[in-house]
Amino acid sequence: MQALYDRDIIVWANEQAAFLRSGQFDKLDLVNLADEIEDVGKSEKRAFAGRLAMLIALLLKWKVQPERQCRSWISLIKLQRKMVKTSLKSTPSLKACLNDHDYLNEVFTEGILLAAKETGLDLDDEILWNFNQILDDEFLPA
C-alpha cells in the first residue's frame with residue numbers, strides 16, 4: 001500500500017475512496033489516509049492566509065501609493081474580500097484564525113512583504129488594521 005502511495009498519490013486516493021465507499025475498511029491505508037485528511041485542513045488554512053495576505057497587500061498599496069489608485073485596484077480588493085468571505089462561509093472553523101494573534105502577525109507580515117515587493121517601498125512591519133476593517137466592504141485606508 002505504501003508503494004502505491006509513494007508512486008502515484010492520485011491512484012492511491014481513488015483506491016482509498018473506493019474502499020471507503022464499498023465498506024472494505026480492512027483495505028484502507030490508515031496511516032497515510034489520516035495524514036492526508038490532516039493535510040486538507042492545513043491546505044485550507046494556508047489558502048485562507050494567502051487570500052488574506054493578498055488583500056492586506058492590496059490595501060497597503062492603496063494606502064502608500066495614492067497616486068496610483070484606480071478602479072481596477074478597487075475591483076481586486078472587492079474580489080479578494082469576496083474570496084475571503086466565501087472561505088469563511090464554506091469553512092466556518094477558519095473564523096478561529098481571525099482571533100489568533102500569531103496567525104494575524106504571520107498573515108500581516110506576508111501581506112507587507114508582498115506589498116513591499118510590488119511597490120519597491122520599505123514598509124513598516126506592523127499591524128495596521130483589524131480583520132473587521134480588512135473585511136469591511138466600505139473600508140479603504142487613507
Side-chain angles (χ1 to χ4, degrees), residues 1-23 25 27-142:
M1 189 105 31
Q2 182 68 35
L4 180 57
Y5 177 82
D6 292 333
R7 198 171 54 248
D8 192 330
I9 195 163
I10 293 173
V11 171
W12 172 88
N14 289 331
E15 181 183 75
Q16 296 302 298
F19 291 154
L20 282 168
R21 286 186 182 100
S22 66
F25 304 123
K27 293 186 177 182
L28 291 172
D29 179 1
L30 295 177
V31 171
N32 288 319
L33 195 55
D35 288 343
E36 291 301 319
I37 290 170
E38 282 178 339
D39 284 348
V40 169
K42 291 175 188 173
S43 177
E44 284 295 315
K45 222 172 162 181
R46 280 191 302 272
F48 184 64
R51 286 185 195 99
L52 280 172
M54 178 58 71
L55 177 54
I56 290 165
L58 290 166
L59 292 171
L60 282 167
K61 286 170 52 176
W62 181 271
K63 178 181 171 57
V64 300
Q65 294 183 314
E67 73 283 358
R68 300 190 73 190
Q69 293 173 355
C70 59
R71 284 196 295 213
S72 66
W73 279 13
I74 292 173
S75 295
L76 287 171
I77 289 168
K78 285 181 178 181
L79 176 62
Q80 285 302 320
R81 279 187 174 132
K82 182 178 183 209
M83 292 173 70
V84 167
K85 289 175 183 179
T86 298
S87 292
L88 288 170
K89 187 176 180 181
S90 65
T91 312
S93 63
L94 288 171
K95 289 178 185 168
C97 297
L98 302 179
N99 297 318
D100 182 334
H101 186 70
D102 291 336
Y103 188 84
L104 176 62
N105 280 334
E106 200 173 299
V107 168
F108 246 96
T109 299
E110 187 177 334
I112 290 165
L113 291 172
L114 282 169
K117 182 179 178 184
E118 291 182 19
T119 64
L121 299 173
D122 188 24
L123 302 173
D124 291 333
D125 192 16
E126 64 179 275
I127 297 173
L128 299 174
W129 315 293
N130 62 46
F131 278 116
N132 288 333
Q133 289 173 300
I134 292 167
L135 297 180
D136 181 350
D137 292 329
E138 303 302 316
F139 175 71
L140 286 172

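No hydrogens, no waters, no symmetry mates; every other heavy atom, side chains included, goes into these values. These figures come from a predicted structure and were not determined experimentally.
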Which atoms form the tightest heavy-atom contact between [X] and [Y], and what is the distance?
| X | Y | answer |
| --- | --- | --- |
| L59 | P141 | O-CG, 3.3 Å |
| L20 | F25 | O-CE2, 3.8 Å |
| A115 | L123 | CB-CD1, 3.6 Å |
| G111 | A57 | O-CB, 3.4 Å |

- D122 atom CG, neighbour heavy-atom count above 12 within 6.0 Å: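 Atom CG in D122 is not packed in, count stays at 12 or less.
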- Message: Does E110, at its CD atom, have more than 12 non-hydrogen atoms belonging to other residues, nucleotides or ligands within less than 6.0 Å?
- Response: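 For E110, atom CD is crowded (more than 12 foreign heavy atoms under 6.0 Å).
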- Item | Qualifying residue, where the test is side chain to side chain contact (heavy atoms under 4.5 Å, CB included) with I77 and the options are D137, I134, L140 | L140
Roughly how far, to the nearest 0.5 Å, is [atom2] of [Y] from [atom1] of [X]?
| X | Y | atom1 | atom2 | answer |
| --- | --- | --- | --- | --- |
| I56 | L104 | CD1 | CG | 7.0 Å |
| K89 | K95 | NZ | NZ | 10.0 Å |
| L60 | F108 | CG | CZ | 6.5 Å |
| L79 | L55 | CG | CG | 10.0 Å |
| Q16 | L30 | CD | CG | 8.0 Å |
| I9 | N14 | CD1 | CG | 11.0 Å |

- Task: Give the intermediate values and the outcome of side chain to side chain contact (heavy atoms under 4.5 Å, CB included) for residues L88 and L135.
- Result: CA-CA 11 Å; L88 288 170; L135 297 180; 4.0 Å; yes
- Taking only residues at least two apart or on different chains, which pairs with a member in residues 61-84 satisfy side chain to side chain donor-acceptor pair (under 3.5 Å)?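 Pairs touching residues 61-84 that pass the test: K61-E118.
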- Within the side chain of Q133, is there an N or O that forms a donor-acceptor pair under 3.5 Å with the backbone of F139? no
- Query: Does the side chain of W12 pick up a donor-acceptor pair with the side chain of D29 at under 3.5 Å?
  - Reply: yes
Taking only distance into account, with no hydrogens and no angle test, what donor-acceptor pairs under 3.5 Å do side-chain atoms of residues 35-52 form with protein atoms, sequence neighbours excluded?
unit_1, atom_1, unit_2, atom_2, d
E36, OE2, Y5, OH, 2.4
R51, NH1, S87, OG, 2.9

